[in-house]
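Just below is one structure, and these are the notes that go with it.
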2 protein chains.
Amino acid sequence: MELGERKRKILKAIVTDYIETAEPVGSRTIAKKYLTDISPATIRNEMADLEDLGLLEQPHTSAGRVPSDRGYRYYVDQIMEIKYPSPQEIEKIKYMLQIQTINELDKIIKRTTKLISDITKYTSAVLTPSVRKSSIRSLQLIRVSDYDIVAVVVTDTGIIKNVVIKSPNAVDDSKILKLNNLLNEKLSGLTINDIGLTVISDIQSHMREYSEIFSAIISVVYESLKEDDAEVYLEGTTNIFEYPEYDDKDKARTFLSFIEDKKSLTNIFSDDTNKFCVYIGCENENDKIKDCSIVKATYNIADKTAGTIGIIGPKRMDYARVIGILKSISNVLSEIFEKTL
Amino acid sequence: MELGERKRKILKAIVTDYIETAEPVGSRTIAKKYLTDISPATIRNEMADLEDLGLLEQPHTSAGRVPSDRGYRYYVDQIMEIKYPSPQEIEKIKYMLQIQTINELDKIIKRTTKLISDITKYTSAVLTPSVRKSSIRSLQLIRVSDYDIVAVVVTDTGIIKNVVIKSPNAVDDSKILKLNNLLNEKLSGLTINDIGLTVISDIQSHMREYSEIFSAIISVVYESLKEDDAEVYLEGTTNIFEYPEYDDKDKARTFLSFIEDKKSLTNIFSDDTNKFCVYIGCENENDKIKDCSIVKATYNIADKTAGTIGIIGPKRMDYARVIGILKSISNVLSEIFEKTL
DNA sequence: GTTAGCACTCATTACTCACGAGTGCTAATC
DNA sequence: GATTAGCACTCGTGAGTAATGAGTGCTAAC
């Protein structure tokens with residue numbers, strides 16, 4: 001859709017003002033604050049056009065205009081200029097994410113989640129990397145007691161996963177060692193999806209003597225790695241109370257109950273077909289967040305897409321700023337995780 | 001405080017009715033629903049007495065009475081009879097907690113959290129066991145690359161913890177093996193608090209040749225185990241919207257922002273001096289939850305107090321039922337965890 | 001094409017008033 | 001002396017009304 005220069009300016013003014021004030025913006029406000037050289041009447045005409053185009057909406061006859069979902073979309077795609085954090089701010093972000101002594105993957109991701117919600121003042125969500133999409137770097141069996149084995153899987157993305165295995169018959173250290181070496185040799189480098197029947201039966205043929213223990217191990221390990229284990233961390237869930245759109249109890253409730261449902265949240269954030277993505281209002285599939293917007297970006301571990309960071313908030317969101325922040329933090333994270341482990 | 005039989009009955013009626021209806025209860029209601037043989041006027045006199053004793057409160061002159069914090073306390077301590085789930089229900093709980101194929105500690109605890117909030121309709125919080133209070137059962141080093149080691153610590157309470165260690169100089173499998181054996185021998189059976197300078201220097205004396213690697217390992221492992229790693233799982237946070245006391249936006253917000261602050265939550269729930277505990281309203285130290293109640297109970301792993309389960313909700317809470325449920329679930333959990341790993 | 005003027009719409013707020021639930025007190029009753 | 005009926009009083013709640021003002025669309029003039 002091609003828009004004249006003046007219409008663009010008016011749309012921009014409306015979005016900007018509405019993001020700031022949360023009040024429908026009228027023609028007079030625009031003429032006074034944004035476009036001092038045109039009269040309110042002209043602006044009214046233009047606004048009527050923009051409404052006909054579906055970019056603006058009127059809550060009721062005697063109110064000003066509010067951007068529609070399509071209006072926000074046009075603003076995001078065609079008008080807005082991304083506001084990136086300054087180099088100093090980015091340095092500060094880097095510093096904040098690595099400030100502690102213990103800098104495990106998990107800790108950094110948790111810190112990132114908190115940081116995003118602190119900076120943006122929206123609710124942040126971060127998806128941890130999943131074992132499923134990673135390949136196995138090392139698999140180690142630890143004998144805890146005669147019948148208890150712990151399998152530790154380390155992936156190329158730096159995830160460490162533990163699986164407890166109850167062995168059907170007693171194991172000793174030498175058995176464990178043999179199994180260990182074999183499994184490691186056969187499985188390392190493979191992703192979960194690579195582990196099929198051929199691989200399993202290949203290992204099995206080398207392991208005739210311990211077949212019972214082996215099948216106990218392989219089934220539990222496989223089961224545990226197969227399940228989608230990506231988790232969503234959330235922070236700043238109560239930030240929504242800062243925004244008048246959630247003054248209404250039911251609105252707040254709907255939002256929070258959506259947030260509480262980790263499954264659908266995981267679904268949305270595990271889709272990493274795009275490095276970067278904005279969903280505005282009814283562009284969201286889930287009805288519960290038809291009046292929210294989601295902005296998300298992926299981050300890499302060892303140069304491979306591993307997880308997603310994002311925020312969720314009211315449609316009336318400072319897109320330019322949020323997008324700049326998320327893109328920057330996503331870069332910082334990928335940089336930190338460039339060499340992992 | 002000694003109360004006459006009739007006063008006890010009236011207090012009980014008021015608490016019961018208020019818990020059910022959330023409306024201040026008047027003398028007429030009591031005379032009609034609970035104590036049909038006394039007249040409203042008599043009940044009014046008794047209620048005035050109970051108010052003088054500080055057990056009841058009046059929101060305003062022309063309203064009925066509401067239990068005060070002390071009123072609830074008296075009810076919980078002296079009047080209420082705990083409503084335990086039926087044996088069938090307890091069987092169902094057991095079943096629900098172990099229904100999945102993968103029954104790791106973590107999964108069971110998460111399921112417990114969800115179950116509690118589902119059954120009680122309040123917000124549930126469960127504290128995971130902490131490494132700090134456990135003793136080390138096995139410590140295993142895994143060599144992931146020349147400079148990367150993962151230490152896996154398994155405790156007697158079934159916690160498995162991973163620590164990533166960057167070695168200052170390259171390590172090979174034989175070094176790892178030696179370190180492994182030594183650390184295992186020296187550390188297993190000890191709690192974190194037991195690991196002092198004497199133990200460390202003892203190991204160090206056996207490890208002159210690898211002193212650099214050793215100190216890298218021991219410092220990171222120690223650091224990581226020392227930090228309080230008990231986590232609080234939450235479920236049913238939006239349940240509060242069911243209760244009219246949180247109709248007010250600020251009330252809901254205060255509650256949720258308290259819930260979001262994992263630190264203070266962990267603090268409250270890590271106190272396991274009592275196997276079972278109820279905090280009513282202003283008995284809570286934190287101002288944010290002065291009009292909430294908390295009920296909590298500890299659970300055991302391998303016959304040792306390991307964590308806490310609990311709920312948090314409005315003071316107007318079905319104490320008899322909640323207490324029965326939590327005590328039962330705590331027992332079920334301890335039973336499941338009797339033999340761990 | 002732009003703008004001033006004006007009638008019209010409609011959410012918001014303040015105000016009033018009747019209603020009713022519940023109390024405390026007094027006097028009569030058991 | 002304890003219990004109860006009767007009654008005046010309090011106070012939150014909800015309905016109804018009117019004034020206010022922000023903002024619009026339309027028309028006619030510039």
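Below, chains carry the letters A, B, ... as their sequence lines are ordered, and counting in each starts from 1. Just the heavy atoms: all of them, side chains too, but no hydrogens, waters or symmetry mates, feed the values below. These numbers were taken from a predicted model, which means no experiment stands behind them.
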Check whether any side-chain heavy atom of A:Ser270 lies under 4.5 Å from a side-chain heavy atom of A:Leu127, and answer yes or no. yes
Between B:Arg6 and B:Glu46, is there a side-chain heavy-atom distance shorter than 4.5 Å? yes
Any salt bridge linking [X] with [Y]? Criterion: basic side-chain nitrogen under 4.0 Å from a carboxylate oxygen.
X        : Y        : answer
B:Asp118 : B:Lys114 : yes
B:Lys315 : B:Glu245 : no
B:Asp318 : B:Lys83  : yes

Nearest whole angstrom, please: distance from the [atom2] of [N] to the [atom1] of [X].
X        : N      : atom1 : atom2 : answer
A:Tyr18  : D:dA22 : OH    : P     : 19 Å
B:Asp247 : D:dG12 : CG    : P     : 18 Å
A:Arg28  : C:dT3  : CZ    : C1'   : 15 Å
B:Ile10  : D:dT3  : CD1   : P     : 10 Å
A:Lys7   : C:dT2  : NZ    : C1'   : 14 Å

What residues from residues 32-66 of chain A pass a heavy-atom cutoff of under 4.0 Å to DNA chain D? A:Arg44, A:Met47, A:Gln58, A:Thr61, A:Ser62, A:Ala63, A:Gly64, A:Arg65
Could you check, using the six-membered ring where one of them is a Trp, whether A:Tyr319 and A:Tyr72 have ring centers closer than 6.0 angstrom? yes
Phosphate oxygens OP1/OP2 of D:dT3: is one of them under 4.0 Å from a side-chain N or O of B:Arg6? yes
